[in-house]
Q: 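Quick one: this structure, given as structure tokens, is what I'll be asking you about.
Here is how names work: the chains are called A, B, and so on, in the same order as the sequence lines, proteins then strands, and each is numbered from 1.
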Amino acid sequence: MAEVEKLRPGYATNMAPRSIWNGTITFGLVNVPIKLYTATESKTVRFSEVHVKDGAKIEHRRWCPKHDVEVDYDDTVKGYEVSADSYVVLEKDEVKAAAGDRGKVVHLEEFVEAAAIDPVFYEKTYYAGSREAEDAYRLLHAALRESGRAGIGRFTFHDREYLVAVRALDDVIALHTLRFHDEVVDGDELELDLGRAKPRPKEVEMASQLVDSLQEDFEPESYEDSYRDAVLDLIGRKGRGEEIDLLAEEEPEQGDDLAAALQASLGKRRR
Amino acid sequence: MPRALWSGSLSFGLVNVPVQLMSAARDLDYHFHELHAGDKVRIEQRRFCSKEDAEVLWEEIAHSYDLDGKQVIVTDEELASVEPRKTRTIEIEAFVELADVDPIYFDHPYVLVPAGDSEGTLRAYRLLVEVMDKTERAALGRFVMRTKEYLAAVRVREGALLLTTMRFHDEVRPTKPVPTGGRKPAKKQVDQAAALIEALATDWDPGNYEDCYRERLRRVIDSKRKRRKIEVPTPQTEPEPVPDLMEALQQAVENVRAGRDARSRPEGDDGADGELDELSRDELYERAQERKIAGRTKMSKTELVEALRE
């Protein structure tokens, strides 16, 4: 596994993280008290909705269409629709009953080879930091790193239980929530029939050369979110009162001769 | 087969493979609607202008951004003008070693399937599958879906091209500020902990794990429909840290080797099943499920322990 920290030199590391959950990871009879931090954050430019006419903030209000009145959150219940407009009604507390009773404990019941978990199963990542009994934290981290294994357990967060994989990442313990097997689309569900479309050896050879010529080391910081930059630039221009040009779309070209296109691509790379 | 969310072409050098994109993850959660408690009518979300206290139509809404305290208003058309122009192409920029891309960068998975069944399309698709599968590489590229440009990694999974949208480097938080205090463990301790991990090692098989939350929620809805009382379980208490790590590790390894639960304690000493008291109701329920104990759904924690001891 690559090291996130090493791959991102110069990244500001002075921000103080705020934990979102306290609990205990156990393996065997060893209990490791941890704090959890979110590992990722979206930097997509977020706007708030305003009324075009007066620039005033838009409020979302709960509305009962039958009585035509605003409704307080406390005056709502949860409805599971069994047929059109027919609901099984649950109080918010009753929904919580499904959370189970694991509370703030994540038992690592078994350990698998970390690299064997296809990343398609990874959903959200958290960093686990040490809280107290810190020697136990360092020990679990060292053992996970040494063995290259990930511990599998169940984690309860906001009244919902998740399957998690716990592995060593850099100097910390990372906790990934996992998708369940039936939540991931299998290859055979796609009914791909590629049998009759066997590429010719020459095409495979040229494609391999093209892949080789485009081979790079993965350096995450060499990819910037250009769309985010463009939106921020637009906001800047608009803020200075500039006129915004509205552009049209462009259709891509379609290649029809596979070998000729590969050959032309290779030629282009060599130049 | 899932629904296509996007169609266009995967562009690789000068080769264009017409593809359709669909989600590789499906939502199997039970979803609820918000209802008005009194009359069980479905709640609507309505937009109101905070100044006029009047309802506002969708067309009258713009996007506002706080630029250093100054409100900048941007319209849909203006946002559309900065969308990248090549909106129908996934442009592969580079190939990287798949093992070098830590999964923390992966966001949402999609599958790419050939669009149409022309021989040329299928052959180009298969060519890419074969070459990438053999070399264990991922292709990195960009594409635009709806209004956003994404960085994406394309790789092979189960004979198909899997596209995963990626987080940008500054969307992955640094690990440095996370507290990792404590003394560096002695080699003997690490070896013992690794031995425990090996004792609990198994092959990764996603089919071994079911979504118990989904199943419990299904039971809650079902009980409610049958007008049964819903019991909210009491969460188990957090265990205290152990004073002697080495001793805890040795005991756990011994437990596993003797076929006992790794967490059973010798002091408990009320027979071989002493560890049952340590388990949560859900864990007990799962064991009861394995042993097909009748009437388990309605059993309390104590009843489950008793049934499992029989």
Side-chain angles (χ1 to χ4, degrees), chain A residues 2 13 24 28-29 31 47 50-52 56-57 59 62-64 66 76 78-79 88 94 97-98 100-101 103 110-112 116 119-120 122 127 129 133-135 138-139 142-143 147 161 170 172 180-181 185 187 194 197 199 207 216 218 220-221 225 227 230 239 244 246 250 252 255 261 265, chain B residues 13-15 24 32-36 41 44 46 48-51 62-64 72 78 81-82 85 89 94 96 100 102-103 109 122-123 126-127 131 149 158 168-169 174-176 178-179 181-182 185 190 193 197 202 204 206 211 213 216-217 225 230 232-233 235 239 241 248 252 262 280 282:
Chain A
T13 56
T24 297
L29 288 162
N31 304 325
F47 293 97
V50 289
H51 196 185
V52 156
K57 263 202 155 40
E59 289 172 358
R62 289 186 177 80
W63 205 265
C64 173
K66 191 174 164 190
T76 65
K78 303 250 187 191
V88 176
E94 291 175 327
D101 62 0
E110 44 198 31
F111 290 83
V112 302
V120 77
Y122 285 114
Y127 296 141
E134 294 164 322
D135 291 349
R138 286 287 295 264
L139 179 61
S147 62
E161 186 187 88
D170 296 355
V172 306
F180 289 94
H181 64 100
V185 173
L194 304 173
E216 285 177 12
F218 177 57
E221 66 278 11
D225 188 348
Y227 178 60
I244 309 298
L246 306 176
E250 193 183 84
S265 309
Chain B
L14 294 171
V15 182
F32 296 96
H33 294 292
E34 241 178 27
L35 305 181
H36 193 185
V41 168
E44 290 176 359
R46 296 201 179 172
F48 277 75
C49 172
S50 54
K51 199 157 145 192
H63 313 278
S64 158
V72 178
E78 286 167 342
S81 77
V82 295
R85 282 196 275 169
T89 311
V96 297
D100 285 348
D102 192 281
L122 296 181
R123 209 164 84 239
R126 182 162 156 187
L127 180 64
V131 171
E149 186 190 60
E158 296 180 346
F168 288 96
H169 64 101
T175 53
K176 277 268 154 59
V178 175
V190 179
I197 286 177
T202 181
W204 164 248
D211 189 346
Y213 174 78
R216 284 196 296 264
L217 195 51
R225 192 188 339 210
I230 313 286
V232 180
S280 72
D282 297 328

Q: Which heavy atom of Val41(B) sits nearest a heavy atom of Lys66(A), and at what distance?
A: CG2-CD, 3.5 Å

Q: With side-chain contact (heavy atoms from CB on, under 4.5 Å) as the test, pick out the partner of Val50(A) among Ser50(B), Ser64(B), Cys49(B).
A: Ser64(B)

Q: Please report the interatomic distance CD(Glu34(B)) to SG(Cys64(A)), rounded to the nearest 0.5 Å.
A: 12.0 Å

Q: How long is the gap from CG on Asp225(A) to NE2 on His169(B), to the nearest 0.5 Å?
A: 9.0 Å

Q: Taking all non-hydrogen atoms of both residues into account, name the closest pair between Pro103(B) and Pro119(A) and its distance.
A: CB-CB, 4.0 Å

Q: Where does Ile244(A) contact chain B at under 4.5 Å (heavy atoms): side chain, backbone, both or neither?
A: side chain

Q: Got a second to check how far Trp204(B)'s CH2 is from Glu110(A)'s CD, nearest 0.5 Å?
A: 9.5 Å

Q: For Arg126(B) and Ala197(A), work out which heavy atoms get closest and say how close.
A: CD-O, 3.6 Å

Q: Please classify the contact between Val88(A) and chain B as side chain, backbone, both or neither, with a heavy-atom cut-off of under 4.5 Å.
A: side chain

Q: Look up atom CZ in Arg62(A) and atom CG in Leu35(B), then write down how far apart they are to the nearest 0.5 Å.
A: 12.0 Å

Q: Under the salt bridge (charged side-chain N to carboxylate O under 4.0 Å, His left out) rule, collect the residues that match up with Asp101(A), sequence neighbours excluded.
A: none

Q: So which part of Val190(B) gets closer than 4.5 Å to some heavy atom of chain A, the side chain, the backbone, both or neither?
A: both

Q: CZ/Phe48(B) to CH2/Trp63(A) distance, rounded to the nearest 0.5 angstrom?
A: 4.0 Å

Q: Which heavy atom of Gly100(A) sits nearest to which heavy atom of Asp282(B), and what is that distance?
A: CA-OD2, 3.0 Å

Q: Looking at every heavy atom in both Val52(A) and Ala62(B), which two are closest together, and how far apart are they?
A: CG2-CB, 3.5 Å

Q: Does Glu149(B) have any side chain to side chain donor-acceptor pair (under 3.5 Å) partners at least two apart in sequence or in another chain, and if so, which?
A: Ser226(A), Arg142(B)

Q: By a 4.5 Å heavy-atom criterion (distance strictly below it), what part of Val72(B) contacts chain A: side chain, backbone, both, or neither?
A: side chain

Q: Give the minimum heavy-atom separation between Val178(B) and Gly129(A), together with the two atoms involved.
A: CG1-CA, 3.5 Å

Q: For the candidates Ser147(A), Gly28(A), Ala142(A), which exhibits the highest count of non-hydrogen atom pairs separated by less than 4.5 Å from chain B?
A: Gly28(A)

Q: Highest number of heavy-atom pairs under 4.5 Å with chain A: which of Arg46(B), His63(B), Glu158(B)?
A: Arg46(B)

